[in-house]
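Structure record follows, encoded as structure tokens.
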Amino acid sequence: GASQGIGRAVAEKLAGPHTQIAITYAGNEAKARQTAAALESKGARVMVLPLNLGNLSQVRSLFETVEAQFGQVDVLISNAFGQAIFKPLA
């Protein structure tokens, strides 16, 4: 998620005329679109997509969409916040 906080700060730092950035959001599309506008003002190409990290097919679809429009994913910054569930892995 790059719609606010640390994710937005990282996206703003990376944004420039030759960057393509996909912003995901879980619930606040308006903030994601505000971030997109700020990045576009720096010359970046931006797409905004909803994403539920708990839905594997949605995650796969996200990568397919990004790769179809932007090509290869060179950098992934995963900083989404959510509730942690601590349980044994096996």
Side-chain angles (χ1 to χ4, degrees):
S3 61
Q4 58 189 340
I6 294 170
R8 180 176 175 150
V10 171
E12 287 179 342
K13 190 73 170 174
L14 295 174
H18 303 289
T19 56
Q20 301 176 124
I21 300 173
I23 296 173
T24 62
Y25 65 93
N28 196 331
E29 182 178 0
K31 279 191 178 182
R33 297 225 175 262
Q34 288 172 353
T35 299
L39 302 180
E40 288 168 341
S41 75
K42 293 181 171 202
R45 271 183 68 202
V46 183
M47 72 171 69
V48 177
L49 302 160
L51 179 63
N52 173 357
L53 285 172
N55 183 327
L56 187 55
S57 66
Q58 203 176 82
V59 174
R60 285 186 180 122
S61 177
L62 168 87
F63 275 90
E64 290 169 1
T65 300
V66 171
E67 289 172 342
Q69 291 195 24
F70 289 164
Q72 173 181 315
V73 174
D74 294 317
V75 177
L76 171 67
I77 300 168
S78 178
N79 71 311
F81 173 78
Q83 291 181 306
I85 299 172
F86 298 100
K87 61 182 179 180
L89 297 175

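Note that this is a predicted model, so its numbers are computed, not measured. If you read the sequence from its start, that first residue is 1, and numbering goes on from there.
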Cut-off 3.5 Å, no hydrogens considered: what does the side-chain donor-acceptor table look like for residues 62-77, sequence neighbours left out?
from: T65; atom 1: OG1; to: S61; atom 2: O; distance (Å): 3.0
from: Q72; atom 1: NE2; to: D74; atom 2: OD1; distance (Å): 3.0

Identify every side-chain donor-acceptor pair in residues 44-59 under 3.5 Å, counting partners at least two apart or on other chains, and give the distances.
from: R45; atom 1: NH1; to: Q20; atom 2: OE1; distance (Å): 2.6
from: N52; atom 1: OD1; to: G54; atom 2: N; distance (Å): 2.8
from: N55; atom 1: OD1; to: S57; atom 2: N; distance (Å): 3.2
from: N55; atom 1: OD1; to: S57; atom 2: OG; distance (Å): 2.7
from: N55; atom 1: OD1; to: Q58; atom 2: N; distance (Å): 3.0
from: Q58; atom 1: OE1; to: N52; atom 2: N; distance (Å): 2.3

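Scanning all heavy atoms of the two residues, the minimum distance from A15 to L39 falls at CB-CD2, 3.7 Å.
Qualifying salt bridge (charged side-chain N to carboxylate O under 4.0 Å, His left out) partners for E40, counting only residues two or more places apart in sequence or in other chains: none. Taking E12 as the reference, R8 meet the salt bridge (charged side-chain N to carboxylate O under 4.0 Å, His left out) condition, with sequence neighbours excluded.
Among residue pairs with one or both ends in residues 25-37, those qualifying as salt bridge (Lys or Arg N to Asp or Glu O under 4.0 Å) are E29-R33; sequence neighbours excluded.
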